[in-house]
Amino acid sequence: RYLPWTVTLRRDPDAGPVTRAPWLSSMGLRDDRAAAYVCHEFTCQAPATDAAILGPQLDEASAPRRIVLS
């Protein structure tokens, strides 16, 4: 999926503690499966271990936002 302006960080669970980005230390495997964490506007969704869950999370995070001022 093409998501411009997106940052992807990969973490090797066998690499030991995270030192450069300590907030990633709590993000890891779920039930011994790889997990994707979709974060948008300083909030992360529940970890996704299935593409059927990850797809809608990516859609929501990449949806255009509108600011309405009145």
Side-chain angles (χ1 to χ4, degrees):
R1 186 173 297 202
Y2 176 69
L3 298 170
W5 316 110
T6 301
V7 175
T8 302
L9 301 172
R10 297 172 193 251
R11 180 172 178 253
D12 181 359
D14 298 326
V18 179
T19 56
R20 290 189 182 210
W23 61 89
L24 296 177
S25 62
S26 64
M27 297 178 178
L29 300 175
R30 293 290 179 237
D31 299 324
D32 293 325
R33 296 178 66 191
Y37 295 81
V38 177
C39 303
H40 182 260
E41 296 183 1
F42 305 103
T43 303
C44 295
Q45 301 295 319
T49 56
D50 187 285
I53 296 169
L54 179 60
Q57 287 182 348
L58 292 172
D59 292 339
E60 174 61 27
S62 62
R65 305 284 188 245
R66 295 185 181 186
I67 299 174
V68 177
L69 302 174
S70 57

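The figures here come from the full heavy-atom set of this structure, side chains too, leaving out hydrogens, waters and symmetry mates.
- By the rule that hydrophobic residues join a cluster once side-chain heavy atoms approach within less than 4.5 Å of another member, Leu24 and Val7 end up as members of one cluster.
- For the atom pair SG of Cys39 and CH2 of Trp23, the computed distance is 11.0 Å after rounding to the nearest 0.5 Å.
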Pairs under 3.5 angstrom only: tabulate donor-acceptor contacts from the side chains of residues 30-37 to other protein residues two or more places apart or in another chain.
unit_1: Arg30; atom_1: NE; unit_2: Tyr37; atom_2: OH; d: 3.4
unit_1: Arg30; atom_1: NH2; unit_2: Tyr37; atom_2: OH; d: 3.2
unit_1: Arg33; atom_1: NH2; unit_2: Thr49; atom_2: O; d: 2.8
unit_1: Tyr37; atom_1: OH; unit_2: Gly28; atom_2: N; d: 3.1
unit_1: Tyr37; atom_1: OH; unit_2: Gly28; atom_2: O; d: 3.0

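- Applying the side chain to side chain contact (heavy atoms under 4.5 Å, CB included) test to Ala48 and every residue at least two apart in sequence or in another chain returns Ile53, Leu54, Gln57.
- A distance of 8.0 Å separates CG of Leu29 from CZ of Arg11, quoted to the nearest 0.5 Å.
- For residues 1-37, there are no disulfide (SG to SG under 2.5 Å) pairs, not counting sequence neighbours.
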